[in-house]
Chemist: 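Quick one: the structure is below, and I'll ask about it shortly.
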Amino acid sequence: DEEVIHKEVNSKLYYLKYIIVDKDENIDLNDEATVNRKLSTGNFITVATVRPETILGDTGVCVHPDDERYKKLKGKFAVIPFVNRKVPIIFDDYIMMEFGTGALKVTPAHDINDYNLGIKHNLAVIDTLNPNGTMSEAAGFYIGKDRFEVRKQIVKDLEAKGHIAKVEDYKNKVGYSERTNAVIEPRLSMQWFLKMQDISKPALDNVLNGNIKLIPDKFINTYKHWMENVHDWCISRQLWWGQRIPAWYDDKGNFVVAKTKEEALKKLAIGNKQLANEKIKQDEDVLDTWFSSWLWPISVFDGFKNPDGKDINYYYPTNDLITAPEILFFWVARMIIAGYEYRQEKPFTNVYLTGIVRDKQGRKMSKSLGNSPDPIELIEKYGADGVRLGMLMCSPAGNDLLFDESYCEQGRNFSNKIWNAFRLVKGWSVDAKLEQSNGNKIAVEWFDARLNKQVKLIDDLYDKYRMSEMLMTVYKLVWDDFCAWYLEMIKPDFVDGNPLPIDKKTYEATVQSFESILKLMHPIMPFISEELWHLLRDRKEGDDIIIATWHQTSAINNSLLHKFELASNVVTEVRNIRKSKNISPKEKISLFQKGADGESKSLFDDIIIKLCNLDKLNTTKEKVENAISFVVKQNEYFIPFNNSIDINAEKERLQKELDYTQGFLKSVMVKLSNERFVANAKPEILANENKKKADAEARIKAIEEVLASL
RNA sequence: GGGAGCUUAGCUCAGCUGGUUCAGAGCAUCUGCCUUACAAGCAGAGGGUCACAGGUUCGAACCCUGUAGCUCCCACCA
């Protein structure tokens, strides 16, 4: 039943008439007169089947004991048409009376349910199929013919003899081989099984009690369900590749399991003294591939041959296993079972389950569908790191991932981005005598704080196995914070077409930050990060990023980060105004600030001047005439504007902001005036609401002032 | 039939212990820019009744119940 896919197909359901006889009665189906008499007097029972050729293996007919229609058949027999075999009519409540005719033909060799019925009622077993799907000697008819040919033929033959009551169209599910798409039908064979009941218990317990963690933990329920209903494991396979089953048979049908042939001979010779070495034969089957794979955590450290070895003692159990959920049962569960069975210990602590890679249409990637991309081609197109980042980008833990080449494209663009950042920094000329400007000093401090904060976050995300979030955090830290903000802050200006040099302090700090960033990128993009690591500085032999120390974090300077927040909002507002008023980025403008927050302004002043291309940034106590205004937090800002200003448009814009802020304040006030909220909410939530109230009020005041001045 | 899970922006998905303007990110889209690292780029913008209906709560995308749709695993009907 493994590797079998059930598909719904259109079939025919054949209703066949089996003549009923008494225990001592024998008839010949070739005797037309008798047959016709029986059929015309209702002395038959009708069964239904989609596989009429299996009647050759029928050894019984089964009905429900409570079925009034068939009660009179107790002790009677049915004669299998064509085959002319007399088989008992048995009674079992397994039968569904409503289905078909309520009578079932029983073919123990070719149906699992029939097999079980056969054992219960002591029916004969006739294996009518050869391994290649043709009819066997035992079938008695059509010997050597393909079963599907026989299916057509036997219907004609039965029809001719009047044994077919009717034929109906019918939808049923048929098993197909996952690999070859051949129709799979049950056939009796001798197989080796592993009894799972006892051996699997520790594997269940230790996942449920958290000794082994599944990530994400939604898989625990599935795991539990599977382990509680675990079936005995069929471990033999009829293949030539694999580990041969270590069982030996003597010439009398006895068998033993042994490590070697010699040992097997010794064991077998106990009951068979004359047994010669050449007389015993090893089983030709090999073990299921998972039956060797489940030993992997132990055998990879040579733990079977050398159970007390250095490696196995040091490495076992390992920390993390990364694999796909589709083999949670096949492989993971069985490795855990083997671990407890052979070493009395778990093989690993955490199991990180990735998604299954699917194509854009959600289909599983497979060789037969041909929908897997060629990784080599992708790498040529996007680079190994680009492809790697692309794969990671669409891989949230435990969820299937829909692969799309555009992710790889994004990965390539990211490689390109970091490469260009490197070119920029490397292209600067350093002037050791140049003093560090205030703007650069603040920029360095800010990025240091930002880096520190984000690395802490990244560390935490790693700890929690939130890989996609970690990835996006790194991505944004590099692209937004480092490239878009930091490098723009410190980038030297040009004078008369020539770039100014950069001071040594800032340059050194930048290279150091660059190194930290490369370390963060290295697990995601190993090649480009290693390459840039070596291009960034002269390195001694062995100073490689792959073994470099991870960025160490320290206390976070929250106040600086907060002040940057304000400054970046100002920059964004100015850019917005430039765009909406069609002011070229090259044109210098002035900015006036009116507000209480003097310190945060001055700290980032130089940076704001640079990023907004200002000729000056002044504080003012009065409103500025003929200016475009905006409000950030609770500060008012003015940009003098010579062209005529559309007062109404300005009013409208500010009014919108005012409405929004007032609405916000209202929602806060609803909470704060709710006695039950004040009584029940946690103190920090309450304090926060009060702060929101104060901030909103201040902001409203600022906006109203600006509005009034228009 | 048994079990698990999912439904949030055009797409792919985050959203942890119910509480920040919590409705987010990336991509895509739109607008403006060939600004001396990067047009594979820069700067902006728009976009969602959190599947639906109830309930619990001061407060719900989040907890509970029901409904609908989808996915996966296991078993399988003559």
Side-chain angles (χ1 to χ4, degrees), chain A residues 1 6 13 47-51 54 62 94-96 99-107 111-114 170 172-173 175 218-226 228-231 325-326 328-329 356 360 362 364 382 386 393-394 396 398-402 404 406-407 409-410 412-428 464 466 468-469 471-473 475-476 483-484 487-488 491 493-494 497-499 571-572 575-576 578-580 582 584-586 613 660-661 663-664 667-668 670-671 674-682 684-686 688-689 691-692 695-696:
Chain A
D1 54 1
H6 287 90
L13 188 60
V47 299
T49 181
V50 290
R51 293 186 291 155
T54 60
C62 189
Y94 159 77
I95 296 297
M96 290 182 294
F99 191 94
T101 60
L104 169 73
K105 63 190 268 313
V106 186
T107 321
D111 184 287
I112 180 67
N113 295 304
D114 292 13
Y170 186 66
N172 66 333
K173 282 188 176 176
K218 68 176 178 185
F219 287 107
I220 292 174
N221 281 335
T222 322
Y223 180 86
K224 178 167 177 267
H225 184 252
W226 188 78
E228 283 174 347
N229 298 289
V230 67
H231 291 82
E326 56 187 338
L328 183 58
F329 308 127
I356 297 170
K360 225 181 163 180
K364 207 161 144 176
Y382 303 109
M393 286 234 231
C394 54
N399 287 341
D400 287 357
L401 51 106
L402 302 182
D404 184 344
S406 69
Y407 287 113
E409 200 180 329
Q410 207 184 334
R412 177 201 60 183
N413 295 354
F414 190 53
S415 304
N416 197 41
K417 186 73 189 177
I418 194 71
W419 174 254
N420 279 312
F422 162 77
R423 283 197 343 176
L424 174 68
V425 172
K426 258 317 203 194
W428 290 335
K464 290 175 176 155
R466 292 164 177 254
S468 10
E469 279 169 75
L471 190 74
M472 279 322 295
T473 308
Y475 182 90
K476 283 195 272 187
C483 294
L487 290 181
E488 291 299 328
K491 192 159 90 177
D493 288 328
F494 277 73
N498 298 314
V571 171
T572 302
R575 283 172 178 166
N576 244 330
R578 272 188 189 275
K579 182 166 154 62
S580 65
N582 272 325
S584 155
K586 286 178 183 166
N613 194 22
Y660 180 80
T661 314
F664 170 61
S667 77
V668 173
V670 166
K671 282 190 202 173
N674 183 333
E675 276 171 42
R676 283 197 283 183
F677 170 75
V678 177
N680 290 326
K682 283 180 248 165
E684 59 267 29
I685 302 286
L686 196 58
N688 201 22
E689 290 301 315
K691 186 174 181 305
K692 272 155 69 178
D695 287 351

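Reminder, nothing fancy here: chain letters follow the sequence lines and each chain counts from 1.
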Chemist: Rounding to the closest angstrom, what is the interatomic distance between B:A14 and B:U8 at atom P?
Modeler: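 It works out to 11 Å between them.
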Chemist: For A:Glu675, look at atom CD and say whether over 12 heavy atoms of other residues, nucleotides or ligands are found less than 6.0 Å away.
Modeler: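 Counting other residues, nucleotides and ligands, CD of A:Glu675 stays at 12 neighbours or fewer.
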Chemist: Quiz question: going by heavy-atom distance under 3.5 Å, is there a donor-acceptor pair between the base of B:A43 and the side chain of A:Arg575?
Modeler: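 Checked by distance alone, the answer is no.
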Chemist: I'd like the C1' distance from B:G26 over to B:G18, given in whole Å.
Modeler: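 So the two C1' atoms sit 27 Å from each other.
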Chemist: Quantified in whole Å, what is the P atom distance between nucleotide B:U7 and nucleotide B:A61?
Modeler: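 Looking at atom P only, B:U7 and B:A61 are 15 Å apart.
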Chemist: Rounded to the nearest 0.5 Å, what's the gap from CH2 on A:Trp226 to CG on A:Leu328? Could you check?
Modeler: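 Result: 8.5 Å between the selected atoms.
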Chemist: Which part of the nucleic acid, if any, lies within contact of A:Asn680, taking any heavy atom under 4.0 Å across all strands shown: a base, the sugar-phosphate backbone alone, or nothing?
Modeler: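 Here A:Asn680 touches the bases of the nucleic acid.
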Chemist: For atom C1', what is the distance between B:G41 and B:G47, given to the nearest Å?
Modeler: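 One C1' to the other, the span is 24 Å.
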Chemist: Taking the same atom, C1', in B:C58 and in B:A53, what whole-Å distance lies between them?
Modeler: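 It comes out at 24 Å once rounded to the nearest Å.
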Chemist: Can you measure from CG (A:Asp493) to CG (A:Asn613) and round to the nearest 0.5 angstrom?
Modeler: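 Atom-to-atom, A:Asp493:CG and A:Asn613:CG are 8.5 Å apart.
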Chemist: When you compare B:G48 with B:U29, how far apart are their C1' atoms, in angstrom units rounded to a whole number?
Modeler: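 Going atom to atom, C1' in each nucleotide, I get 15 Å.
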Chemist: Measuring from A:Met96:CE to A:Leu104:CG, what's the distance to the nearest 0.5 Å?
Modeler: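 A:Met96 atom CE to A:Leu104 atom CG measures 9.5 Å (nearest 0.5 Å).
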Chemist: Would you measure the distance from the C1' atom in B:A51 across to the matching atom in B:G59 and give it in whole Å?
Modeler: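 Taking atom C1' in both B:A51 and B:G59, they lie 23 Å apart.
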Chemist: Check every strand shown and say whether A:Arg466 touches a base, only sugar-phosphate, or nothing at a heavy-atom separation below 4.0 Å.
Modeler: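 Contact class for A:Arg466: base.
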Chemist: Mind checking the P distance from B:U67 to B:A45? Whole angstroms is fine.
Modeler: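 Between the two P atoms, the distance is 45 Å.
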Chemist: Once you apply a heavy-atom cut-off of 4.0 Å, does A:Ala484 come out as touching a base, just sugar-phosphate, or nothing?
Modeler: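 Answer is sugar-phosphate: A:Ala484 comes under 4.0 Å of backbone atoms only.
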Chemist: When rounded to the nearest 0.5 angstrom, what is the spacing between CH2 in A:Trp428 and CG in A:Leu487?
Modeler: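 So the gap between those two atoms works out to 5.5 Å.
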Chemist: Under the rule for ring pair (Phe, Tyr, Trp, His ring centres under 6.0 Å), what residues qualify as partners of A:Phe422, not counting sequence neighbours?
Modeler: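 For A:Phe422, the residues satisfying ring pair (Phe, Tyr, Trp, His ring centres under 6.0 Å) (neighbours in sequence not counted) are A:Trp419.
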Chemist: Using Watson-Crick and G-U wobble pairs with both distances under 3.5 Å, what is the 5'-to-3' dot-bracket string of RNA chain B, with [ ] for crossing pairs and | for pairs outside the strand?
Modeler: (((((((..((((.....[....)))).(((((.......))))).....(((((..]....))))))))))))....
Chemist: Within the modelled atom types, does a donor on one side and an acceptor on the other bring the side chain of A:Lys691 and the base of B:U20 under 3.5 Å apart?
Modeler: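 No such pair is found, so the answer is no.
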Chemist: Could you tell me if A:Lys105 and A:Thr107 have a donor-acceptor pair between their side chains, going purely by distance under 3.5 Å?
Modeler: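 Their side chains do contain a donor-acceptor pair, which is all the 3.5 Å distance test asks for.
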